[in-house]
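The structure appears below as structure tokens.
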Amino acid sequence: MPELPEVETVVRGLRPKLLGRVIQACVTVSPLMVGKAASDFRLKLGGRSFEQIDRHGKWIFVRLSGDLTLAIHLGMTGNLRVEDAMHGIEPHTHLRLSLESGRQECRFIDPRRFGELVLATSSDMPTRFGPKQLGKDALLITLPELKETLARTKRRVKSVLLDQRALAGIGNIYADEILFHAGIYPGARADRLADEVVEKLARTITRILKRAINAGGSTIRDYVDSDGKRGSYQNQHDVYGRADQPCRRCGQAVELDQKIVTGRSTHFCSGCQTAGGPKRRLNRRSNHRPNGQAATNPRRNDR
DNA sequence: AGTTCGACCTCTTTGC
DNA sequence: TGCAAAGA
DNA sequence: GTCGAAC
């Protein structure tokens with residue numbers, strides 16, 4: 001599940017491998033993946049050079065010479081690599097771009113095919129990736145902008161964090177981790193968060209995402225960067241994937257809930273996270289059970 | 001306006 | 001062990 | 001992970 005930190009890690013790995021180099025040809029492109037645009041890929045990619053590689057939210061924008069951008073979304077299982085052309089081709093390789101010498105190629109692999117490959121000219125960009133479709137990048141959004149976005153919706157704060165049109169880059173893992181560190185109950189109404197709580201949230205978004213980038217992202221299952229390396233931020237997760245384990249801050253069992261935001265599993269600590277935001281520096285681990293038996297949590301009702 | 005649910009895919013894990 | 005269903 | 005239809 002590549003989210004902003006994983007995508008940023010991929011982009012940083014790709015830059016030194018691709019910038020300045022030339023695409024010899026588009027060797028393979030799967031119509032399963034791009035439909036009728038397959039002919040565009042075959043015809044338009046060859047001969048162009050890599051000028052710039054950017055990221056906005058979970059999207060990667062590969063800027064090529066001659067006003068063409070290859071936009072890539074990794075979906076759930078998408079994966080980009082630059083490897084030796086002799087290297088065996090894995091199943092589900094949907095795009096192969098041979099690089100100048102022909103010794104290496106850039107490959108896009110995506111078993112579930114939830115990813116996206118899009119070719120766009122600068123005039124296509126605003127309609128496909130404009131502010132209407134993609135919110136500010138989560139690492140660049142300002143406090144006033146975040147306040148504004150949260151204030152004008154009655155939605156649950158977690159669903160706003162997940163909304164790529166509100167703010168781009170956060171997915172299920174980082175939404176849960178961020179809300180834990182900000183001390184906010186995921187089901188809290190966005191427009192009811194006090195100013196100081198929103199300020200704390202803004203700082204937390206930045207802090208957690210940066211920490212995760214420094215760790216090379218989180219590898220829960222499949223994710224690997226462009227060098228095939230796994231991330232390590234999963235070792236620093238406090239709630240995601242820690243259901244029933246004691247909260248590292250208060251000792252109470254981390255909860256897993258499917259109702260707060262439907263379709264997404266939500267991990268949180270009801271001892272540390274409230275609809276009103278952080279309580280204060282808590283009585284540390286007061287409820288902690290060192291022997292592992294989970295503290296019972298009084299199931300809280302949303303309000 | 002906001003939430004729920006199923007769909008889109010394939011591989012892996014789970015459960016009887 | 002094996003296969004279907006659930007999960008990611 | 002993301003979309004759109006239905007409630």
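The chains referred to below are lettered A, B, ... by the order of the sequence lines, with proteins before strands, and numbering in each begins at 1. Predicted, not measured: the structure shown is a model, and the values here were computed from it.
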Rounded to the Å, how far apart are [X] [atom1] and [N] [atom2]?
X: Leu134(A); N: dG1(D); atom1: CG; atom2: P; result: 15 Å
X: Leu167(A); N: dG1(D); atom1: CG; atom2: C1'; result: 16 Å
X: Met33(A); N: dC8(B); atom1: CE; atom2: P; result: 16 Å
X: Arg192(A); N: dG2(B); atom1: CZ; atom2: P; result: 12 Å
X: Arg165(A); N: dG1(D); atom1: CZ; atom2: C1'; result: 15 Å
X: Ile220(A); N: dG7(C); atom1: CD1; atom2: P; result: 18 Å
X: Ile260(A); N: dG2(B); atom1: CD1; atom2: P; result: 18 Å
X: Arg156(A); N: dA1(B); atom1: CZ; atom2: P; result: 18 Å

**Message:** Suppose you measure atom P in dG6(B) against the same atom in dA6(C); what distance do you get, rounded to whole Å?
**Reply:**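 Comparing P positions in dG6(B) and dA6(C) gives a spacing of 12 Å.
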
**Separation of the P atoms in dC3(C) and dC9(B), to the nearest angstrom** =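 Per the computed distance, 26 Å lies between those P atoms.
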
**Prompt:** Are Asp225(A) and Thr9(A) close enough, and set up right, to give a side chain to side chain donor-acceptor pair (under 3.5 Å), and what steps lead you there?
**Reply:** CA-CA 6 Å; Asp225(A) 67 16; Thr9(A) 302; over 6 Å; no

**Prompt:** According to the 5.5 Å centroid and 30° plane-angle thresholds, does Phe114(A) stack upon the nucleobase of dT2(D)?
**Reply:**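 Not stacked by the 5.5 Å and 30° rule.
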
What's the closest nucleotide to the [X] side chain, out of [options]?
X: Arg155(A); options: dG1(D), dT3(B), dT2(D); answer: dT3(B)
X: Arg221(A); options: dC9(B), dT4(B), dA8(C); answer: dA8(C)
X: Arg113(A); options: dT10(B), dT2(D), dT3(B); answer: dT10(B)

**Item:** With Asp110(A), the side chain to side chain contact (heavy atoms under 4.5 Å, CB included) member among His94(A), Glu116(A), Met76(A)
**Value:**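 Answer to the side chain to side chain contact (heavy atoms under 4.5 Å, CB included) test with Asp110(A) among His94(A), Glu116(A), Met76(A): His94(A).
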
Select base, sugar-phosphate, or nothing to describe what [X] touches, counting heavy atoms under 4.0 Å on all strands.
X: Asn172(A); value: sugar-phosphate
X: Thr153(A); value: sugar-phosphate
X: Glu3(A); value: sugar-phosphate
X: Met76(A); value: base

**Prompt:** Is Phe268(A) close to Leu179(A) at the side-chain level, that is, under 4.5 Å between some pair of heavy atoms?
**Reply:**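 Leu179(A) does not reach Phe268(A) side chain to side chain.
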
**Message:** Within the 4.5 Å heavy-atom criterion, are Leu70(A) and Leu119(A) side-chain neighbours or not?
**Reply:**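 In short, these two side chains touch, coming nearer than 4.5 Å.
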
Phosphate oxygens OP1/OP2 of [N]: is one of them under 4.0 Å from a side-chain N or O of [X]?
X: Arg112(A); N: dA8(C); answer: no
X: His92(A); N: dC9(B); answer: no
X: Arg264(A); N: dG1(D); answer: yes
X: Ser159(A); N: dG2(B); answer: no
X: His73(A); N: dG1(D); answer: no
X: Lys259(A); N: dT4(B); answer: no

**Message:** Can you classify the ring geometry of Tyr174(A) versus His237(A) as parallel (below 30°), tilted (30 to 60°) or perpendicular (above 60°)?
**Reply:**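 It falls in the perpendicular class, over 60°.
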
**Asked** Around atom CD of Gln258(A), are there more than 12 heavy atoms of other residues, nucleotides or ligands at under 6.0 Å?
**Response**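 Yes, the 6.0 Å shell around CD holds more than 12 heavy atoms from other groups.
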
**Item:** First of Gly263(A) and Arg152(A) reached from the 5' end of DNA chain B, by closest nucleotide
**Value:**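 In this pair, the answer is Arg152(A).
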
